[in-house]
There are 2 protein chains.
Amino acid sequence: MANIREIAGLAGVSVSTVSRVLNNHPYVRDEKRQAVHQAMERLDYHRNLPAIHLSKGTTNLLGVVLPSIEIPYFGNIVEGIAEEGLKHDLQLVLIQTNYNVEKELEALELLRGSLIDGLIFTSRAASLKIIKEYNPHGPIILCEDSDQTDLPSVSIPHEKAFMDGLDYLLTKGHTKIACTLGRKQGTNSHKRIKAYQTIMDKINQPVREQWIFDKCLTIEDGIHLTENWCRMTERPTAFLVTNDQVAAGMVLTAKEKGIHMPEELAILSFDNQQIAKAMHISTIDIPIKQMGKKAVQFIQNTEKRSKVSLPFQLIERATV
Amino acid sequence: MANIREIAGLAGVSVSTVSRVLNNHPYVRDEKRQAVHQAMERLDYHRNLPAIHLSKGTTNLLGVVLPSIEIPYFGNIVEGIAEEGLKHDLQLVLIQTNYNVEKELEALELLRGSLIDGLIFTSRAASLKIIKEYNPHGPIILCEDSDQTDLPSVSIPHEKAFMDGLDYLLTKGHTKIACTLGRKQGTNSHKRIKAYQTIMDKINQPVREQWIFDKCLTIEDGIHLTENWCRMTERPTAFLVTNDQVAAGMVLTAKEKGIHMPEELAILSFDNQQIAKAMHISTIDIPIKQMGKKAVQFIQNTEKRSKVSLPFQLIERATV
DNA sequence: TTGTACGCGTTATCAC
DNA sequence: GTGATAACGCGTACAA
């Protein structure tokens, strides 16, 4: 692989001149520029990225931490990140964690090691304290409804959204309401639980721990949930669930079992993916892709990083 | 940021010794090793990745080209790649292309620029000729049913699988069979079309161009397809479709319209995702994740790279 | 077992 | 406009 020095030699100029034409600097006589181009052509020259990265101290690489790429919610965020990243000429380094703190630390080490210029957490398991320690090495953005402001964050107001969802179920006559979460320990889930407790208090209903279902993320989970529901002695009449996938699983199974929806069992979910529309599932729309885009914008704008809350919207369909 | 030289100075050793403890080389006296560790601790030393990459000429970074992360098929491949990559300490650089050749070229340039050690195409739009030109710069793996063997490839035998699917529909009494493709220009789609022509010839049916539906990938596409089907003057009685998403959209809409399945309309799809099981969609299982894993193994094994065909399996359910 | 010196390929500074 | 030359931070022959 030819390097910049060989080009300089062949073109009869200095390495600095070669570097100049490489980076489209002005102040290079046209003849020399031509000569350099010819030399590059002849030797099939192409720049070495790690060398540039070392020299410049930046890489145009953006790290993205996500638990699993197969959960549409995260896939959508990444899509948004990719789309916006494209505009800023950023490549994406994906770190799949399965909520493993060790893996998240690896991602943070990539930041400290200057391999990536910034890092976006679509979700996290590591503590804020630890993550903040890495902030000096580059911008870190959280995709969660965070209370702190040291680290910029992008999210919908989850507590408000969950309360709105519950209120909607209330107006439809439900008081026995259960809910599902993706991961109880998550920040967003905490907000949702809080909202749940608030509303249950308001309507003088006990907070039944067994009505808060953890680790519900997929269609399969939804299927099991409805099966579960059938076997329960005291049954909720409505569910506010993690996402459209869980709702889809629930609805499909409910229909098979001849459960009347929404009379016997009402379901409201989050996200508003294609599947929700196709199955007429009532859901709360989240601008997921937009979150990813905003996160990248935060990476780019050194100045006004902050906590941003995006709007959500309740979509009334047939399952409530 | 402290560098290796400062550590050497503080620890009272040479840079090579520091490098040795950094890389767990033998032949370092314990006292010196301790001293180095202490110095690293005190200065909060951490290695600079681009520098290592430049010096070693490799990065442990693996490029992954994919059209869209939102299509479950590609997400699954990436999942497999990530899982296997983990074992080999590989990080993933994602290049989302939307089948844009320009973007694929960018990915190839990353390979030439030594930013990534290898590249996996989950799908491609660029010509084999162009891609092959980049092979000298690092291993390139294709996730497609390729006829050539210069570039290693991982896939199921698409032609065989499609023929098996069509045969299955035949045994169920269907002769008027339509099919859908993700992208007509794709290698896998070519195989599928070929199989389609072969079988149609065999049963003396014309190959109706309007019964080969292109650009069908999502649930929405499936919905439109069934709506379309209703408006057709001459209707096929069976569809062999791109993937489970398209099938799901078709089935949902068919049920709503009171279309009798599988009598009036039979649907067989590919992939066997969760949604297919949940909706009892007959489908042809593809070991997608396994493909990703195998691709990574090809990247690692310098020697026996080749063309590998993974097994598929027809899953009988309720839509045929 | 340890240290010196050079190479990796590029950018940036400064003098001309 | 142009060219030396010093960084950038690390790995590694080679010598000792």
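Per chain, numbering begins at 1; letters A, B, ... match sequence-line order. Keep in mind that the numbers below use all heavy atoms, side chains included, and drop hydrogens, waters and symmetry copies.
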| note | Between OH of B/Y27 and P of C/dG3 the distance, given in whole Å, is 17 Å

For [range], pull every pair meeting salt bridge (Lys or Arg N to Asp or Glu O under 4.0 Å), keeping only residues two or more places apart or in separate chains.
range	answer
residues 54-73 of chain A	none
residues 2-20 of chain A	none
residues 92-110 of chain B	B/K103-B/E106, B/E109-B/R112

| message | Under the rule for side chain to side chain donor-acceptor pair (under 3.5 Å), what residues qualify as partners of A/T218, not counting sequence neighbours? | response | A/D221

| note | Taken in chain and number order and not counting sequence neighbours, the residues that satisfy side chain to side chain donor-acceptor pair (under 3.5 Å) with A/S189 are none

State which residues pass salt bridge (charged side-chain N to carboxylate O under 4.0 Å, His left out) with [X]; sequence neighbours excluded, sorted by chain then number.
X	result
B/D145	B/K307
B/K289	B/E83
B/K87	B/E84
A/K132	A/D150

| Step by step, would you call A/L66 with A/S123 a side chain to side chain contact (heavy atoms under 4.5 Å, CB included)? | CA-CA 6 Å; A/L66 82 174; A/S123 185; over 6 Å; no

| task | Heavy atoms of chain A, cut-off under 4.0 Å: which first and last nucleotide of DNA chain D, 5' to 3', fall inside that, if you could look? | result | D/dG1 to D/dG9

| Terminal axes of the helix from C/dT1-D/dA16 to C/dC16-D/dG1 (five pairs each): angle between them, nearest 10 degrees | 40°

| task | At under 4.0 Å between heavy atoms, which parts of nucleotides 8-16 of chain C does protein reach? Answer with one letter per nucleotide, 5' to 3': B base, S sugar-phosphate only, - none. | result | BBBBB----

